[in-house]
Amino acid sequence: MRILAALLLLPALNNFAGGQRLPASVVPSHYKLFIDPNIETQSFSGEETIDVQLGRASKEIVLNSLDLEVSSAEVIAGGKARPAQLSYDAPNEMIRLVVADALPPGPAALHLKFSGKLTAGLRGLYLSKTARRTYAVTQFEGTYARMMFPAFDEPGFKATFDLTVVADKQDTAISNGHIIRDAPAADPTRHALTFSTSPRMSTYLVALAVGDWQCLERKVDAVPIRVCAVPESKDKAQFALDVATHSMQFYNQWYGIKYPFGKLDMLAIPDYEWGGMENTASIFYRDTALLLDEATASVFSRRSHATVIAHEIAHQWFGDLVTAAWWDDIWLNEGFATWMQAKPIEAWHPEWHLEDDVAATTQQIIGLDSLSATRAIHGDPKTPAEIKEMFDGITYEKGGAVLSMLESYVGPEVFRKGVNAYLRAHANGNATSADFWQAETQVSGKPVDQLMPTFVLQPGVPMLTVSSSCNGDKAQAAFTQQRFFLSPERLNAGSPEQWQIPVCMKLEGNEACSLVTAKKQEASLGQCPAWLFANRNAKGYYRVDYTQAELNAVARVAESQLNAPERIALIEDTWATTRVGKNSVVDFLGLAQALRSERDLAAINLLAADLEYLSASLVPEKESAHFNEFVRKQFEANERDLGWTARSGDSDEQKAVRASLLGILGRSGDPEAVATARALVQSYIKDPASVEGTLVAPAFATAAAQGDAGLYEQISAALPKARSTGEYNTYLFALAQFSQANLAERTLALVDAGKVRQQQYPLLFSVLLANTHTQDAAWAYLKEHWSDLAEKVTSFGGRGAVSTLGNFCSDERRTDVAQFFQQHPAPGAQRTVNQSLERIDNCIEFKKIQQQNMDSWMQK
Ligand SMILES: [Zn+2]
């Protein structure tokens, strides 16, 4: 699965879900499944026969079922059908079938009839709506297949599926297989569609979508690929088909195993919780993550669509063909797909420099992993809610970053061979972390099985303190490692973790790599270098703490000697050590000045984000004009080179940098940026196609932030007339970015009025809470409507609303947030609450450490 914007998520107060695993003694091999959904009555009925193997004699069979009414159950064994007594174990989401006499060990079949409700809850078999009609679609990962049919709903119980679904005559259906039979149903207005037998797969990968879908189709390496959507959006499917084509060709080569599932469908669904879900041979996406209009789409959307699509297709091998045996190892699916998603797109569009985005994402997750309320990549989830909480930044981004470090350590070709060996050994089955690193250990001959557990089983990020010394013309480096915390107090208190860290130093004209395994270790550097950088290509998952002299030396050569990922790591290492008081904030501003000629998009964005944090926390309102002047100086030369007007020959990178600068300079109140943004907004409202797509979001953000009630009215009036989802979202999120509290209240009223899709709640509240002018109104609204909103805004474990509360920076606010969540549960987001509280603490500490340094710098 993939969410859209990378970040946090997390755990739960489970008052509803039990933690029982199914017994291992009954193993399913095949499901014959019949589903009859009735969209009009919002209900469905079904019937299934499950072939199982009993490991021992038993009178009882247990399987998962949630919110289903089972009307009949029998067990067929030894050629004899026996009625089964049924009991529900609702807290554990299970049912028990009990027969009068013990069933013999060996094959048996379960035959059940059942029914359930179609809800709008974005899970199980649910309803998804457009303005025109309603669809029935599925989302099963992690534990929601049991909402459509009683099942052995654990990833280790792989089976094949024969599915038949009944649909209205004018509707079709999409599933894991292809349609092999289309027969009349009992009701003459409906037909029964039967799909080919699915591959052997886990229940969470079963998929079904019923509606009037229309598709574009193409064959790639003999595999038919379709991109499907509601009819009115079919013309926006071309780009996704191109991405799929390149990804399929790339993966067929890279994995060294041809795409294993015969066909690939990709479907855009109007209401979908995730960005995408890798159902076997039938990937489902949120419509706005799959479809786009190439004429008007921004560079950012094209890049994010491409990576989400490549991510889901990567899973067809890593996740679907070989599946993690249990949810504790879900990083093996998600970390891997996150690491992999950039590869085909880098090969297809090298000018997008996705390697820089990857480096920036790594730095962001290191930021989260610097909190004490982080967790280890490998988890121990027991309940459905805990399983859902595993889908967080640690699983995805840290998992991906650690694999990237491993690839760099063993070498790309060796790494690829290890993956190939692992996939071949476990194809159509399940595997664990240990299986993976054993495969890599074998092909590389390096201690991968020693190194990886230190990063996967322990929480946190190591900080490597580096100091070099020269003796004659021979240089030595001394490393010490300790866990890094963003809290100076915790950092100074020390912590017992110890890692095995592959470290590569980049030196003037040289490189030096070693495996740092001890708390203190030395390495030879050859000749005395004029400068050193301790994370070559930014592949290492660690913070670096340089001495003052080393930092000054590497800052001087950063633009000429370091590549973009390395500069990104240098910026964030320096920012982190500034946050904990190892440097003065003045040193950080000095590094920023040394990077005034920076032209890399990801580096510019990180630097700007750090300067904005610094401004929000350390610069008093009356000094903000002065500090904004510094921000403008930082970026204005870059802006002058590019100009505000889109040019026909601009590269995607230039378009993206211009758009980022419009946002950054707009937020700092630069008059030209603001005027440009206003003009673009007026032009867009008249004709959306008249504005280069990449500039649209920052133009609206800037114009709204500096806008008045008149502009608010104008955008409000445009909202209901929007001709596409993209245009609607542009207006909706613009309304959330005005700086007046009363306008924020009007935007919040749109939630009450049903003008905001539930899938947008986390982002909408996040935007309102991130703005210092509207956060009070948004927080008050959230508290007041919590019982109604809790499930909806925490649907990604609090990503969005709850995590944005971490932007507060005062004792008063901290107390308020802490007290509120003591009395109100945050379903699936308790860890995020703790992380947000810790981030507020960190901000308060940051002020204590650096306020004086900042004040004296401001006076100069
Ligand atoms: Zn995924």
Side-chain angles (χ1 to χ4, degrees), residues 1-10 122-123 138-145 155 176 201-207 240 243-244 247-248 251 254-255 259 261 264-267 269 272-286 289-290 304-345 354 357-358 361 365 377-379 381 387-404 419 423 430-431 433 436 795-797 799:
M1 283 194 293
R2 186 70 217 169
I3 78 141
L4 294 177
L7 274 195
L8 3 160
L9 178 317
L10 295 174
L122 308 183
R123 54 177 73 163
T138 56
Q139 166 55 31
F140 289 167
E141 192 174 17
T143 55
Y144 310 129
N176 309 92
M201 64 186 186
S202 306
T203 43
Y204 77 87
L205 293 166
V206 173
V243 178
S247 302
M248 182 66 85
Y251 292 144
W254 195 93
Y255 284 117
Y259 176 75
F261 303 129
L264 175 63
D265 290 330
M266 306 204 300
L267 173 65
I269 292 177
Y272 206 63
E273 180 172 9
W274 299 87
M277 172 65 214
E278 68 272 18
N279 310 310
T280 310
S282 182
I283 305 173
F284 290 176
Y285 298 84
R286 181 185 287 206
L290 185 69
S304 69
H305 280 55
T307 46
V308 170
I309 293 165
H311 176 103
E312 304 306 339
I313 298 177
H315 272 309
Q316 298 299 313
W317 288 261
F318 224 98
D320 294 5
L321 181 64
V322 178
T323 309
W326 178 244
W327 301 106
D328 58 349
D329 270 335
I330 193 62
W331 79 278
L332 208 49
N333 287 2
E334 297 302 351
F336 189 87
T338 300
W339 170 82
M340 192 76 202
Q341 69 193 22
K343 295 261 164 186
I345 310 304
L354 286 192
D357 286 4
V358 170
T361 304
I365 196 62
I377 290 177
H378 187 275
I387 288 164
K388 190 155 191 236
E389 292 148 25
M390 291 294 287
F391 292 86
D392 68 353
I394 294 297
T395 287
Y396 285 78
E397 273 79 34
K398 184 176 179 181
V402 167
L403 289 171
S404 180
V419 170
L423 290 175
N430 296 89
S433 292
F436 177 67
S795 66
F796 299 121
R799 194 179 342 222

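Whatever order the structure lists them in is the order used to number ligands and atoms, beginning at 1.
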Tell me, which N, O or S atom in [X] is closest to the Zn ion (ligand 1)?
X	value
His311	NE2
Glu334	OE1
His315	NE2

Any side-chain heavy-atom pair of Phe284 and Phe140 under 4.5 Å: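 Side chain of Phe284 against side chain of Phe140, heavy atoms only: no contact under 4.5 Å found.
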Just checking, is any N or O donor in the side chain of Asn176 or Ser282 under 3.5 Å from an acceptor N or O on the other one?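 Absent: no donor and acceptor within the cut-off.
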Under 3.5 Å, is there a donor on one side chain and an acceptor on the other for Glu334 and His311? yes
For Phe336 and Trp339, take the angle between the two ring planes, folded into 0 to 90°, and tell me which bin it lands in: parallel under 30, tilted 30 to 60, perpendicular over 60. tilted
